[in-house]
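Here's the structure, in structure tokens; my notes come after.
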Amino acid sequence: MRSRMIAIAVGFLCAAWLPQVIPVLGCICIALLTLVFAFYRRSTYNGVLLCFIAALLYASCWGSWQLSHKLPDQLLRSDWIVTGTLVDLPDSEAGVIRFNFKVDSMALHRLPNGSHNSPEIQKLLSDLNVRLLKLSWYKPSNNLIPGQYLKLAVRIKPPHGLVNPSGFDYERWLLINKIDATGYVREVIDKETDIDGGIAGLRHAMNQRIEQRYSESRDMALVQALTTGYKANFSQDDWELLRQSGTVHLAVISGLHIGFVALIGWWFGRVLSVLSPRFYGLPYCLSVLFAGIYMQVAGAEIPTQRAFIMVFVFMLSGLLKWYIDIWQRWWLALVCVLIFAPLAVLEVGFWLSFCAVALLIWFSQQPIRWYGVIKIQFLLLLGMLPLYLHFFSAISLVAPLVNIIAIPLLSILIVVIAINLAVSFFSISFFDGVERNLVDLFWTLVDLSAAQEWSYLTLDPPPLAVIVVAAIGALILLLPSGSLPKYMAVFFFLPLLGDQMRGDDLDTSPVPETSRLSAIVFDIGQGLSVVVEVGTYRLLYDTGPAYLSGSTAFERAVLPYLTQARIKQLEHMVLSHDDNDHVGGFSAVKKAVHIEQVFSSFDLSGEYDRSCKRGVKWRVGGVEFEFLSGSTGRNDNNRSCVLLISDGQCSLLLPGDIGKSVEASIVKRHQALKVNGPVTWLVASHHGSRSSSSELWLAAISPENIIFSAGYANAFNHPHPEVVKRAKAYGAQVYTTAKTGAVFLKSDAEGECTTTTMRQDEKRFWR
């Protein structure tokens, strides 16, 4: 049985990495061929094979079903009149409300190209079955309430996200959460005042009660997070403190909380079963009931659903008296979670939760002494270390000590909050003081632990092989005494220690003349950011935009790559011109990496400031850098730093946002642009605006490849169709980051100039 469940899990994992889903007809053919093979070639492994194929085909059909509801690309930036219900709790911040909207009906109002009546569009509309929208309402005129029935005018687009190396896969997240389109509200046409919010309405009422009791934002945020799963009121500083103290998993509802509530239900059922011995199954039923209610009140998000399924499987197997050991129950719970959410196998939380439960099962089978609780916390840290290194490259060293106090503290707090909320509806505030004291005590513990310099250890991302070897060392330490000598673990941790001592990218040795040019044009949205590398030398050209929420595109798109590549220093940085979409993330860059020198076309009033004037050049190894223009012009765009990079075989031209007049002046002054042949890569000026990329410019530099760094379905219609047509007319290969993801440019030792894209290199069926 266990081998078959392992085969099912492997089948789901293989399906998650498919570049495209297997068509339904293909699934039927594969299923029939497998059955025929198993029938005619009888083997003890037939059951394992059938389980693997069944999981693979099931996950593929699940993917096809989810994708069939997605808004088609042909309806991009379309306007609709939609009616439906606001589900879940809306997220309000910085003048915008974000919410999920369950669709009852949709009527197409307008398409950008006006082709409403074409047969193709009519066919798409007849097959359309959008279920859930993720919407933003900017400058809202009033609040929205869960369960509210609304009629909205919206502009929507298919699910889409930035695709960059080591970056967060937003499109996968949308698919997992069954969101079929995203967009924004243009107008609230009508809304019902009589609201039956159900569970979401109850959660909203509970949140309001909590807000009335707390003036301190982080106290309120903690109680809301533990009660209704609402985390929007935590600030970035709060998250950082929780991360450093190793208590993030306590401040958000996870398997630990669901398991604790299930345990309360179990003991409550045991007490009742003493009074009524006939109901032997009461503890199991109440355990599942309590966990299920808490899951619903917490918003029934994917992590809480996963925890509930685990509780349900473990309790059901006990209720039905299945004679299977606890490890088989663990595997059964894992398979059930994957059946409900096949892509969970790619989620960090999936691996963390199941590995933590596995470690607890392992420890429970060992002899437990009086100090067992303390020992288990340190063994959990050790056992989870490989996963922390792989997913986060960091670990909280104080977490075991903090959790010894914080876990029972939060457990008591959950009970007190539940009682307090129940009696608060009757205007009874007896438990307010107790609740406040427990909340204050938790935050005091977090502040004290996070304040220690050694509390949080950040490491350079180790290679996978090093993590696997370290995992073997951790396993040796976790084995019962007498299995293997504990000192052997030291040898397995030595590669990890050596990897960290190897140093970072602060290499001051000269770059060899044989070093070649490579660069990444990041999928940054409506903006620009390019990393150029020559050996150990790095240059960052622009940073991408900053957002109203306070975050930046640099942190989302570029920083994950720099972290994974262990890049901690930039020898040069170029800020092309003073527009948010190009330099909005500069402050985030300064916090993340060390910068030797900054070139800019505007006054930074800082220690790094140096103008990017025409004629400024430098050489790194065999690669030459030269500014063709910059710091002069009538406006910010025309003052952009225009940087030409060439290694004699391949060349990259970064023109910022210059217009046609500056292009003409550069062509006039630099007739030698084509001395070494055509420009290999041109990042189109101003994201492909009609004001740039003139015929004179393209004819002069004859780019072999043109890259448009533009946002998906942006309001400026970049790149403009005329510019794309013009680029193709000159024989250039065209790439748009919104369609291709990050674009990789590489010059190899043989003089080949290759161009690859993220979406092509890492195809996934959901994008």
Side-chain angles (χ1 to χ4, degrees), residues 89 92 146 199-254 256-268 271 286 290-291 293-299 304 373 377 398-399 401-452:
L89 299 176
S92 302
I199 293 293
L202 174 63
R203 296 174 66 215
H204 178 70
M206 294 168 70
N207 268 358
Q208 287 187 316
R209 291 275 181 178
I210 294 168
E211 289 174 2
Q212 292 169 4
R213 297 207 310 266
Y214 287 93
S215 57
E216 183 71 27
S217 60
R218 71 175 187 172
D219 292 350
M220 175 184 68
L222 177 64
V223 177
Q224 287 180 332
L226 293 175
T227 309
T228 64
Y230 186 73
K231 301 178 286 289
N233 286 324
F234 281 121
S235 67
Q236 289 298 322
D237 291 338
D238 295 337
W239 286 119
E240 187 62 28
L241 286 172
L242 293 168
R243 191 159 37 247
Q244 291 180 1
S245 62
T247 54
V248 171
H249 66 293
L250 298 180
V252 297
I253 296 174
S254 61
L256 177 67
H257 305 76
I258 299 292
F260 172 70
V261 172
L263 185 62
I264 292 176
W266 166 269
W267 284 109
F268 188 60
V271 172
L286 289 183
F290 278 39
I293 292 173
Y294 190 37
M295 177 196 68
Q296 291 295 330
V297 172
T304 57
V373 175
Q377 286 299 325
V398 298
L401 297 173
V402 173
N403 283 314
I404 291 170
I405 304 172
I407 289 176
L409 175 66
L410 264 294
S411 301
I412 297 171
L413 179 58
I414 290 172
V415 176
V416 171
I417 290 173
I419 297 173
N420 205 17
L421 278 172
V423 301
S424 68
F425 286 93
F426 303 99
S427 301
I428 300 174
S429 57
F430 178 75
F431 290 96
D432 277 5
V434 178
E435 181 181 307
R436 288 178 183 275
N437 289 333
L438 290 172
V439 171
D440 290 340
L441 184 57
F442 174 79
W443 281 116
T444 301
L445 181 65
V446 168
D447 291 336
L448 287 175
S449 56
Q452 309 305 314

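The first residue of the sequence shown is numbered 1, and numbering continues consecutively from there.
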Return the minimal non-hydrogen interatomic distance between His249 and Ser254, and the atom names on each side. O-OG, 3.2 Å

With a 6.0 Å cut-off (strictly less than), is the heavy-atom count around CD of Gln236, excluding the residue itself, greater than 12? no

Please name the pair of heavy atoms, one in Leu438 and one in Leu413, separated by the smallest distance, quoted to 0.1 Å. CB-CD1, 3.7 Å

Rounding to 0.5 Å, atoms CD1 (Ile417) and CZ (Arg209) come to a distance of 15.5 Å

Can you find a heavy atom in the side chain of Arg243 that is under 4.5 Å from one in the side chain of Glu240? yes

Kindly compute the distance separating CE (Met206) from OG1 (Thr228), expressed to the nearest 0.5 Å. 6.5 Å

Look at the side chain of Asn420 and the backbone N and O of Val416, then say whether any donor-acceptor pair between them is shorter than 3.5 Å. no

Within a strict 4.5 Å, meaning less than it, do heavy atoms of the Glu211 and Gln224 side chains meet? yes

Does the side chain of Phe442 come within less than 4.5 Å of Val402's, by heavy atoms? no

Side chains of Val261 and Met295: does their closest heavy-atom pair fall under 4.5 Å? no

Rounded to the nearest 0.5 Å, how far does CD1 of Ile414 lie from CG of Leu409? 10.0 Å

Interatomic spacing from OG in Ser245 to CG in Leu401 - rounded to 0.5 Å: 12.0 Å

Go through the steps to decide whether Asp238 and Ser235 satisfy the test side chain to side chain donor-acceptor pair (under 3.5 Å), and finish with yes or no. CA-CA 5 Å; Asp238 295 337; Ser235 67; 3.1 Å; yes

Shortest non-hydrogen pair, Ala251 vs Leu242, comes out as CB-CD1, 3.7 Å

Nearest heavy atoms of Ala291 and Ala262, plus distance in Å: CB-CB, 4.1 Å

Would you compute the distance between atom CZ of Arg218 and atom CG of Leu241 and round it to the nearest 0.5 angstrom? 6.5 Å

Sequence-distant partners of Ile264, side-chain contact (heavy atoms from CB on, under 4.5 Å), two or more places apart: Phe260, Phe290, Val415

Side chain proximity check, Ile210 to Leu421, heavy atoms < 4.5 angstrom: yes

Please name the pair of heavy atoms, one in Val252 and one in His257, separated by the smallest distance, quoted to 0.1 Å. O-CE1, 3.0 Å

Do the side chain of His204 and the main chain of Leu89 share a donor and acceptor less than 3.5 angstrom apart? no

When rounded to the nearest 0.5 angstrom, what distance separates CG in Asp432 from CG in Asn437? 10.5 Å

State, with a plain yes or no, whether a side-chain heavy atom of Leu441 is found less than 4.5 Å away from one of Leu445. no

ring-ring contact (aromatic ring centres under 6.0 Å, His included) pairs touching residues 213-235, sequence neighbours excluded, are Phe234-Trp239

Quick one: list whatever passes side-chain contact (heavy atoms from CB on, under 4.5 Å) with Ile293, sequence neighbours left out. Leu289, Val297

Can you find a heavy atom in the side chain of Asn233 that is under 4.5 Å from one in the side chain of Ser217? no

